[in-house]
Amino acid sequence: MTENSAKPFSFRFHGSSFDNMVETLGGAFGAFDAEPVGRAKDFHWGLDFSVAGSAVLLTGYHEAEFQFNIEPTVSTAEYLSLVVPRRGGMGVTYGARKAEAGQGKLLLYNNFEPDSVLMHGQGNVIDELLINWPVILQTIGQTFEMPFSGSLDLLPELDLSTPVGRTIGNLTETIISGMRDDGPLLQSPIAMAHMTQALADLVVRMVPHRLSHFLDKGPALIAPRHVRRAIEFMQANIDQPITMPKVAEAAGVSSRALETGFRAFKGTSPAAYLLMLRLRAARQDLLDPESKETMKAVCLKWGFFHFGRFSAVYKTTYGEYPSDTRKRVSRR
């Protein structure tokens with residue numbers, strides 16, 4: 001897209017005043033607080049979106065610069081945003097840190113984290129591909145086999161001239177093209193799910209973040225036999241009451257040696273590892289569209305006897321409540 005191109009799309013939502021934009025978007029993404037940068041005689045804006053499974057494509061346009069911040073509410077979805085500027089740019093701030101998308105540069109951020117966002121450039125046009133955060137969390141769990149919560153601290157800027165930038169940028173563009181204008185990916189949930197998962201895998205494995213050092217260890221840190229035996233015992237008895245002394249006995253080591261082995265080779269405790277296995281099993285049941293089991297039955301099946309605690313730890317691990325997972329699957 002050239003710098004001189006006119007408004008490029010026919011937007012579903014549009015207006016000609018700043019207040020109208022704030023009023024329209026106020027409830028869509030959380031508590032929305034925005035203000036223009038400088039004085040603008042006219043503030044024409046437009047927004048359109050496409051939804052496909054675990055991803056949303058937003059395309060936005062505005063004629064003058066503005067900045068905003070969003071306070072998430074209980075109903076606000078958490079996602080990873082990949083920002084592709086077509087004209088102008090977009091920046092986010094985290095305290096004293098700043099990150100920006102511009103020509104030749106992709107921006108990645110979790111929508112719950114920035115303190116503020118700046119949309120700059122005249123006639124700004126931005127594509128944002130939003131990947132549901134639970135997809136990222138599930139990819140982290142499968143990649144690192146450890147519980148995870150808190151900020152991932154992703155490197156927020158990707159230079160599109162680098163090999164990593166080109167790889168992630170090209171897949172992002174393919175997904176965007178497939179979603180825009182009622183594209184083919186909107187008609188193929190399976191293809192969309194595979195491409196979204198592939199993008200999540202690339203981000204987790206190729207973009208630096210707080211867990212990246214575990215990738216550097218690679219196969220050199222093959223878990224010793226007693227850790228592997230403990231994991232096999234956990235998996236074989238995952239639906240039974242298991243204590244860590246029982247796991248240590250099955251592995252043929254002391255409880256202390258078991259703890260040390262898991263800390264060194266799995267980066268977590270054996271109890272937390274068992275919890276992850278149980279959560280993963282429960283999630284697979286909840287993601288099964290053919291399953292008729294009640295939420296209570298799923299909890300009891302995998303060793304969770306207090307639904308409130310299960311719901312809280314599930315939300316921490318996957319970024320959504322178990323009821324949200326079940327509802328999302330039932331809507332497909």
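- Judged as a salt bridge (charged side-chain N to carboxylate O under 4.0 Å, His left out), and not counting sequence neighbours, the contacts of Glu173 are Arg86.
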Quiz: residues 193-201 side-chain donor-acceptor pairs under 3.5 angstrom, not counting sequence neighbours:
residue, atom, partner, partner atom, Å
Thr196, OG1, Met192, O, 2.8
Gln197, NE2, Thr139, OG1, 2.7
Gln197, NE2, Asp201, OD1, 3.2

Donor-acceptor contacts, no H, no angles, side chain residues 90-100, under 3.5 Å, sequence neighbours left out:
residue, atom, partner, partner atom, Å
Thr93, OG1, Ser116, N, 3.4
Thr93, OG1, Ser116, OG, 2.6
Glu100, OE2, His120, NE2, 3.0

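- Listed by chain and number, the residues in a side-chain hydrogen bond (donor to acceptor under 3.5 Å, both in side chains) with Tyr314 are Arg283, Thr325 (sequence neighbours excluded).
- Ring pair Tyr61/Phe11 is parallel by interplanar angle, where below 30° counts as parallel and above 60° as perpendicular.
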Review item, side-chain donor-acceptor pairs of residues 293-308, under 3.5 Å, at least two apart:
residue, atom, partner, partner atom, Å
Thr294, OG1, Ala297, N, 3.1
Lys301, NZ, Asp285, OD2, 3.0
Trp302, NE1, Asp285, OD2, 2.8
His306, ND1, Gly308, N, 3.3
His306, ND1, Arg309, N, 3.1

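- A donor-acceptor distance shorter than 3.5 angstrom exists from the side chain of Asp288 to the backbone of Glu290, with no hydrogens or angles considered.
- When the side chain to side chain contact (heavy atoms under 4.5 Å, CB included) test is applied to Ser269, the partners found at least two apart in sequence or on another chain are Glu259, Arg263, Ala271, Ala272.
- Within the 3.5 Å criterion, the main-chain N or O of Tyr321 finds a donor-acceptor partner in the side chain of Asp324.
- A donor-acceptor pair is defined here as one N or O able to donate and one able to accept, closer than 3.5 Å; no such pair exists between the side chain of Asp182 and the backbone of Gln187.
- Between Glu65 and Asn124, the side chains place no donor N or O within less than 3.5 Å of an acceptor N or O (distance only, hydrogens not considered).
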Could you pull out all donor-acceptor pairs under 3.5 Å where a side-chain atom in residues 235-253 meets a protein atom, sequence neighbours excluded?
residue, atom, partner, partner atom, Å
Asn237, ND2, Phe233, O, 2.9
Thr243, OG1, Lys246, N, 3.3

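- Shown here for Ala77 and Phe112, the closest heavy-atom pair between the two residues is O-CE1, 3.7 Å.
- Shown here are the side-chain hydrogen bond (donor to acceptor under 3.5 Å, both in side chains) partners of Asp153, two or more places apart in sequence or in another chain: Ser151.
- For the salt bridge (charged side-chain N to carboxylate O under 4.0 Å, His left out) test, no residue two or more places apart in sequence or in another chain qualifies with Arg210.
- Every residue two or more places apart in sequence or in another chain that forms a side chain to side chain contact (heavy atoms under 4.5 Å, CB included) with Asn132 is listed here: Ser54, Pro134, Val135, Arg328.
- Formation of a donor-acceptor pair under 3.5 Å by the Ser291 side chain with backbone atoms of Leu287 is not found in this model.
- Applying the salt bridge (charged side-chain N to carboxylate O under 4.0 Å, His left out) test to every pair with at least one member in residues 104-121, sequence neighbours left out, gives these pairs: Lys105-Glu157.
- The backbone N or O of Thr59 lies less than 3.5 Å from no partner atom in the side chain of Asp48, so there is not a single donor-acceptor pair.
- In this structure a side-chain-to-backbone donor-acceptor pair under 3.5 Å is present from Arg166 to Ser161.
- Residues Asn20 and Trp45 have side chains in contact (heavy-atom distance under 4.5 Å, counting atoms from C-beta outward).
- By the side chain to side chain contact (heavy atoms under 4.5 Å, CB included) test, Leu202 pairs with Thr167, Ile168, Leu171, Met206, sequence neighbours left out.
- Panel note: side chain His209, backbone Val204; a donor-acceptor pair is recorded below 3.5 Å.
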